[in-house]
2 protein chains.
Amino acid sequence: MPRLRYNGSSHFLQTDMSRKPRIRSGSGVTMHDVAKAAGVSAITVSRALNQPQQVSPHLRDKVQQAVDALGYVPSRSASALASARSRTVLVLIPSLGNTVFLDTLAGIESILAPAGYQMLIGNSHYDAEQELQLLRAYLQHRPDGLLLTGLSHAAPFDALLRQHALPAVYMMDLADDGRCCVGFSQEEAGAAITRHLLSRGKRRIGFLGAQLDERVLKRLAGYRATLAEAGLHDPSLEWLDPSPSSMQMGADMLDAALRARPDCDALFCCNDDLAIGALARCQQLGVAVPQRLAVAGFNDLQPATWCIPSLTTVATPRREIGVQAARALLNMMDGGMPDAPRVDLGFELMLRRSS
Amino acid sequence: MPRLRYNGSSHFLQTDMSRKPRIRSGSGVTMHDVAKAAGVSAITVSRALNQPQQVSPHLRDKVQQAVDALGYVPSRSASALASARSRTVLVLIPSLGNTVFLDTLAGIESILAPAGYQMLIGNSHYDAEQELQLLRAYLQHRPDGLLLTGLSHAAPFDALLRQHALPAVYMMDLADDGRCCVGFSQEEAGAAITRHLLSRGKRRIGFLGAQLDERVLKRLAGYRATLAEAGLHDPSLEWLDPSPSSMQMGADMLDAALRARPDCDALFCCNDDLAIGALARCQQLGVAVPQRLAVAGFNDLQPATWCIPSLTTVATPRREIGVQAARALLNMMDGGMPDAPRVDLGFELMLRRSS
DNA sequence: GCTGTTTATGTTAGCGCTAACAAAAGTTGA
DNA sequence: TCAACTTTTGTTAGCGCTAACATAAACAGC
């Protein structure tokens, strides 16, 4: 390829004044404008805003006055580009419609916001492939860290994390492979609620499962193990549907369950939505809860206290999971290793009238 | 101030090799690396990725191969800085715990994501001051546009929008001042449900209100106007509480209402949460719904179909609001004016058993 | 063939900020 | 008083990308 010649043959110092100035975005006030107004250099403005203790009080005040007078808002893009730190954390959750994850988000925000980090929220809709796409898309923002829901992700996921050297904390569940995770044992929780139903004298305990994500399957595993141990496991008492859970689905599943197994005397629903739909249907059908049929849910959402009868369920420390996961991530982003790579926050059985 | 002298006195062409190289963030693959690998210039890579039709198929393929081989992920910060466009939209909503806004978000995303925009979600917790802080914080990202909930914001809000020349679309309600808005008349909806209760022969119609945000107050205004017109407005039938709504609060308010006005024969609750809490309490107390007391809610959330008795409420086009608001904003960000600055999407009365 | 137009590709500079280093000013201790 | 620090402030270059313009090549019309 022949080397191209240019008519400009511009020298280093020759500024081409014929160029059109670019349109500035934002209010157009830059750090240099602030510096000029305050009579200092740009780096002093940068320091006054980011490391105030490094700047003398006198200059700090002058800078602050100039910032206020001009309405200066620093540019995150420029800062990220220059410092190679975006001060941004990517949070990937499976659903925004589920209170569980909203509570977790609130916990995360309560830690990250004061630390100067902003959250990018990605909603994977319980789909590993979509989650991978989200990660790819959000990597363009060069997040400094990652908060993930669950342990199993699409195949290239971990490779991407390694390639980009991204610290990540896994939430909601517990891994055994050294990954940093904050959560509780989904399996153990499923076992605990099943043991409770057994302790109530129930013997033909069914399972209603929707979505069938990783966590639901672990609760199911806990349920199966417990019943198997008691010699009571019966696969024909399990009703599973991979579509997203809803109260409607809980009602429909209850119908199906009672039709197939009228002798079923308890139901562990994989979440409160299903359980509340099932309870409402029991009311309509005149099925006595808990006498003829005990019902248990999972998560302890607000309606669990308010449905009739009130719902026995598993309270999960979801806000605290967010808080501790965010703290661990902050720690890792500062270059430290987490104190404990595996934080088990446990769960609590909420025993109410439905059992 | 004396001019400082430096020992370096570096010339243009003299590269100071003693400097430490900076640590690269991300995977460290830049557009130049891709360009080198593909045997083209950087700008060709940029164009191949952003305006593929401007690049010949042959080079486009070579670039794509290099991108895949190196695992290149473009940097949004650098792109935003160079182009003065962040391809980011800031969405400010009052609450993440309210399904209403989640549905709106989903609608927004369905339009913005395919257009290459990413959302920044700010949760103001129904607080105008916090909303202003969020705007300030997120302005650092230089969003290209803004989607706002409601019409009234903190005082410096509009000034900031003007200063930064930010296109904005207001959602959920209808303004008369030329601002671009997509929603429905909250006032008219409040009036419509009140008229419905009147048509059912109710005469002492109460109002339960929580949160008391802008939209609740407009629904209240519609309720008042309708009753006043019928000569039935009675301020002692209004129970208002500025704290966030919940089912618990609905139950408590029902107690208070029946205690103060046992003759009350209908209740318009400002949202479904309150209504469902009130309904549950009626069940517990043995209050016949709708015979002795009719109950109506607002929003038509999922549980409205499932509570007992099912809840009469107002279905709001919240997803469609998000969709159309996002479309209008895209239009404005492209420099165009919205076709109609004011889009009224209406609402629908869902008449069920509770009335 | 020659000119005017369109298409494909390239060079340069600069977006707004901060890391790295340099220098000046202040402070300490003998 | 002066060397040795520490603190404060400043200069330079460059982060990774794209706008603006330049050039070359391909094509059109005569």
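Lettering of chains follows the sequences in order, A, B, ..., and the numbering in each one begins at 1.
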Asks: Rounding to an integer number of Å, can you tell me how far B:Met31 CE sits from D:dC17 P?
Replies: 5 Å

Asks: Do other residues, nucleotides or ligands put more than 12 heavy atoms under 6.0 Å from B:His32 NE2?
Replies: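 It does not: B:His32 NE2 has 12 such atoms or fewer within range.
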
Asks: Give the rounded distance in Å between these two atoms: CZ of B:Arg47 and P of C:dT7.
Replies: 14 Å

Asks: A:His32 has an atom NE2; how far is it from atom C1' of C:dC17, in whole Å?
Replies: 9 Å

Asks: For the pair made of CD in A:Gln140 and P in D:dC17, what is the distance, rounded to whole Å?
Replies: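 One finds 10 Å between P of D:dC17 and CD of A:Gln140, rounded.
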
Asks: Who are the side chain to side chain donor-acceptor pair (under 3.5 Å) partners of A:Arg162, not counting sequence neighbours?
Replies: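 With sequence neighbours excluded, A:Arg162 shows a side chain to side chain donor-acceptor pair (under 3.5 Å) to no residue whatsoever.
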
Asks: Just compare D:dG10, D:dC17, C:dC17 and give me whichever is closest to any side-chain atom of A:Thr30.
Replies: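 My answer, after comparing the listed nucleotides, is C:dC17.
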
Asks: Nearest to the B:Val55 side chain among C:dT9, C:dC17, D:dA19, which nucleotide is it?
Replies: C:dT9

Asks: Parallel under 30°, tilted from 30 to 60°, perpendicular over 60°: which one fits the rings of B:Tyr126 and B:Phe101?
Replies: perpendicular

Asks: A:Asp33 has an atom CG; how far is it from atom P of C:dC15, in whole Å?
Replies: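 A:Asp33 atom CG is separated from C:dC15 atom P by 11 Å.
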
Asks: Side-chain donor or acceptor of A:Arg142 under 3.5 Å from a matching atom on the base of D:dG16?
Replies: no

Asks: Once you round it to whole Å, what is the distance between C1' of D:dT8 and CD of A:Gln51?
Replies: 13 Å

Asks: Quick one: is D:dT9 close enough that its OP1 or OP2 comes under 4.0 Å of any side-chain N or O from A:Ser56?
Replies: yes

Asks: Which one, D:dG10, C:dC15, C:dG10, comes nearest to the side chain of B:Leu81?
Replies: C:dC15

Asks: A:Ala78 has a side chain; which of C:dC17, C:dT11, D:dC17 sits nearest to it?
Replies: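 The listed nucleotide nearest to A:Ala78's side chain is C:dC17.
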
Asks: Pick the nucleotide of DNA chain D nearest each of A:Leu59 and B:Pro74; which residue has the one closer to the 5' end?
Replies: A:Leu59

Asks: Expressed in angstrom and rounded to an integer, what is the separation of A:Lys62 atom NZ from D:dT9 atom C1'?
Replies: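 From A:Lys62 NZ to D:dT9 C1': 13 Å.
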
Asks: Is the phosphate of C:dC17 approached by A:Ser75 (side-chain N or O, under 4.0 Å from OP1 or OP2)?
Replies: no

Asks: Does A:Ser46 put a side-chain nitrogen or oxygen below 4.0 Å from OP1 or OP2 of C:dT18?
Replies: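 Checking A:Ser46 against C:dT18: at least one side-chain N or O falls below 4.0 Å of OP1 or OP2.
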
Asks: Could you tell me whether the phosphate oxygens of D:dG10, OP1 or OP2, come under 4.0 Å of any side-chain nitrogen or oxygen in A:Thr44?
Replies: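 It does, given that an N or O in the side chain of A:Thr44 lies less than 4.0 Å from OP1 or OP2 of D:dG10.
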
Asks: Do B:His125 and B:Glu131 pair up side chain to side chain, a donor and an acceptor below 3.5 Å, judged on atom types alone?
Replies: no

Asks: Would one find a side-chain N or O of B:Ser41 under 4.0 angstrom from OP1 or OP2 of C:dG10?
Replies: yes

Asks: Could you give me the CA-CA distance, side-chain angles and deciding distance for A:Arg76 and A:Gln118, then say whether side chain to side chain contact (heavy atoms under 4.5 Å, CB included) is met?
Replies: CA-CA 11 Å; A:Arg76 214 98 173 168; A:Gln118 286 193 352; 3.6 Å; yes

Asks: To the nearest angstrom, how far is A:Arg76 atom CZ from C:dC17 atom P?
Replies: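 Value for this atom pair: 13 Å.
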
Asks: Which nucleotide wins on minimum distance to the side chain of A:Ile43, given the candidates D:dT11, C:dG10, C:dC17?
Replies: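 The answer is D:dT11.
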
